[in-house]
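See structure below.
This one's a predicted model, so the numbers in the text were calculated from it and none came from an experiment. In what follows, chains are A, B, ... by sequence order, proteins preceding strands, each numbered from 1.
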Amino acid sequence: MERGLISVDRWSDGSQAYFLTHLHSDHTRGLTSSWSKGPLFCSRITAKLFPLRFPGFDLSLLRVIDVESWHSFSLISPSSGSNTVLHVMAIDAHHCPGSVMFLFRGDFGCLLYTGDFRWEGTSKRAERARATLLNALQDNAVDVLYLDNTYCNPSYEFPSREVAAQLVADIIAAHPEHDIIIGIHDLGKEELLVHIARALNIKIWVWPERLQTMHLLGLNDVFTTKTDLTRVRAVPRYSFSINTLEGLNSICPTIGIMPSGLPWTVKPIECDDKHFGSPLTHQNSKSGEIQMGNLNGNLGLVKKFHKYIFSVPYSDHSCFAEIQSFIGLVQPNNMKGIVSSSSCYVDPIYYFGCLCKASQPAKKLHCKHENKKGGSQALAVRRKLYIESGKLTKLETQRRKDRKADYFGVRLKRFHSLRRIQRGAKIADIDFSD
DNA sequence: GCGATCAGCT
DNA sequence: CACAGCTGATCGC
């Protein structure tokens, strides 16, 4: 009676088509080289990078969805058993290389799944994505918007990546005698590194596997694996720590730069223009202070939470204002956050229900259970859509019979797992026919 | 011995 | 508090 039709960033059994928004591992959990549950649709760039992540994967399962045009294919309706046509368009999500949103249209209505995305109003790419989306939607309503709600709270404010990238370049320029390390992951932040390289006319060291990725992305000139060619190194995020920095400083003066949208990290030492040159340059006070140059009043954005470590608000997720602007543009009938985390999950309806076409009742923070009734009557479609979250119930049960350990400790750990499991959606189709 | 899951770390 | 991971331990097969 109830079976799955399509899944996005979810890899369990029971769907006829699987969609991957991008190659970060919290969206590929459950996907392995031996996976063979159906066709896997992704962007051209993701397909290009795919074999590096999943060597030996049966590439005949991989289907490229080029951005900005409609693709149609036939599936079997889980409810009626007859053929049904699914239309899908991929739109640049500008999160990491290859990342896309998926816009679906079919018997079930119209769905927009953003995956992780950054909706900067300032770039050419954003303008293009905006035009593509508007053109694709025409006058059709989006029934459900599945939204990257990572920073769906007004406290999350940060500048465009262009501004943040220049901040990083300025910090490096202000430390001409230092080695620099920048913490990055396996994919993402390439534009930041390219900006630094161009602004300072230097190459950037990366580890060998990362160089492979850069070459697949067509970035052939900027990066090197030879340490003697540059003082700027992009290193794996997990090897970037206070210990690492202290170790490096016993050999050579080195600062670390952490690009992140997260504003807190460790309690930062506040930096403002009044203390220009210090404490930003505190680590250098013995050998004389270094001037930071003119940061166009953006110096306050840079946090320094350790004598060797700077944190710069460079984010690949949308800030609150950008989320707001995106929802205002789409004006969905209903929406759901795709990111659920321990204490920070915010139902986007809480802040933006008023931007939905069918106005939503106010919701409480952190109260996911209220969703069940909430906006269901607002759906204009004949059939009701939902995100299956089967494993959640299991986890809840697990939590209850959990051992005697400290309540908060257990809770945090369980929610941590929960966050990871809840990424992605299995879009099921329930038959409500008489 | 292998994959899946979890704990701990950044 | 967590971005988006990685490593290592443990469990079931």
Side-chain angles (χ1 to χ4, degrees), chain A residues 9 11-13 21-36 53-54 56 93 95-99 115-118 148-153 155-156 158 161 164 181-190 192 207 209-210 213 234-247 256-268 303 305-306 308-309 311-320 337-346 365-366 391-392 394-395 398-399 402-403 405-406 408-424:
Chain A
D9 294 349
W11 312 103
S12 46
D13 289 322
T21 58
H22 66 290
L23 269 174
H24 280 156
S25 61
D26 53 336
H27 292 254
T28 58
R29 189 155 286 115
L31 191 56
T32 63
S33 287
S34 57
W35 187 88
S36 62
R53 300 303 147 108
F54 299 103
H95 168 71
C96 69
S99 66
D116 290 351
F117 80 120
R118 177 103 199 231
D148 172 11
N149 56 321
T150 303
Y151 294 128
C152 191
N153 183 298
S155 66
Y156 292 119
F158 35 76
R161 283 173 290 193
I181 65 168
I182 302 169
I184 61 167
H185 288 293
D186 285 346
L187 188 63
K189 309 280 196 280
E190 290 76 11
L192 167 65
W207 63 101
E209 293 78 5
R210 199 59 158 98
T213 300
V235 302
R237 176 65 186 82
Y238 59 86
S239 70
F240 181 112
S241 67
I242 289 172
N243 276 349
T244 311
L245 262 302
E246 283 175 348
I257 299 173
M258 188 102 84
S260 169
L262 291 170
W264 44 72
T265 356
V266 183
K267 196 178 182 181
K303 306 287 183 202
F305 59 84
H306 180 269
Y308 301 130
I309 302 176
S311 166
V312 178
Y314 186 102
S315 171
D316 288 324
H317 295 271
S318 300
C319 66
F320 185 76
I338 62 171
V339 182
S340 170
S341 65
S342 54
S343 67
C344 287
Y345 177 84
V346 176
L365 284 169
H366 315 310
K391 279 195 171 177
L392 235 67
K394 237 179 172 177
L395 266 167
Q398 177 75 37
R399 267 185 63 207
D402 223 321
R403 51 185 188 231
D406 153 48
F408 290 104
V410 170
R411 194 176 62 162
L412 287 177
K413 282 167 193 163
R414 288 296 168 202
F415 278 158
H416 192 68
S417 323
L418 192 144
R419 183 194 140 253
R420 299 185 160 181
I421 285 163
Q422 252 205 305
R423 284 270 195 188

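- With sequence neighbours excluded, no residue forms a side-chain hydrogen bond (donor to acceptor under 3.5 Å, both in side chains) with A/S318.
- A distance of about 16 Å separates the P atoms of C/dC1 and B/dA7, rounded to the whole Å.
- Contacts of A/T244 classified as side-chain hydrogen bond (donor to acceptor under 3.5 Å, both in side chains), with partners at least two apart in sequence or in another chain: A/S241.
- Atoms CD1 (A/I182) and C1' (B/dT10) sit 17 Å apart, rounded to a whole Å.
- Between A/R161 and A/D316, at least one side-chain nitrogen of the basic residue sits less than 4.0 Å from a carboxylate oxygen of the acidic one, meeting the salt-bridge criterion.
- The listed nucleotides are C/dA4, C/dG5, B/dT10; the one nearest the side chain of A/H95 is C/dA4.
- Partners of A/S36 according to the side chain to side chain contact (heavy atoms under 4.5 Å, CB included) rule, which considers only residues two or more places apart in sequence or in another chain, are A/L61.
- Residues passing the side-chain hydrogen bond (donor to acceptor under 3.5 Å, both in side chains) test with A/E246, sequence neighbours excluded: A/H306.
- A/H185 has its NE2 atom 8 Å from the P atom of C/dC6, to the nearest Å.
- One can place CZ of A/F158 at 10 Å from C1' of C/dC3, the figure rounded to the nearest angstrom.
- Atom OH in A/Y156 sits about 12 Å away from atom P in C/dC1, given to the nearest Å.
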Pairing string of DNA chain C (Watson-Crick or G-U wobble, both atom distances under 3.5 Å; | = paired to other strand) is ...||||||||||
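- Residues forming a side chain to side chain contact (heavy atoms under 4.5 Å, CB included) with A/C96 (at least two apart in sequence, or on another chain): A/H22, A/H24, A/S99, A/L187.
- Remark: the backbone N or O of A/I338 is paired with a side-chain donor or acceptor of A/N149 at under 3.5 angstrom.
- With distances taken from any side-chain atom of A/S25 to the nucleotides C/dC6, B/dT10, C/dC3, the minimum falls on C/dC6.
- As rounded to whole Å, 9 Å separates atom P of C/dC6 from atom CH2 of A/W207.
- Of the candidates C/dC3, B/dA4, C/dG5, the closest approach to any side-chain atom of A/T32 belongs to B/dA4.
- Residue A/D186 contributes atom CG, which lies 17 Å from atom P of C/dC3 at whole-angstrom precision.
- In this structure, CG of A/L23 is placed 17 Å from C1' of C/dC3, rounded to the nearest angstrom.
- Put simply, A/H317 has no side-chain N or O that comes within less than 4.0 Å of OP1 or OP2 on C/dC3.
- Here the P atom of nucleotide C/dA4 and the CZ atom of A/R53 are 14 Å apart, to the nearest Å.
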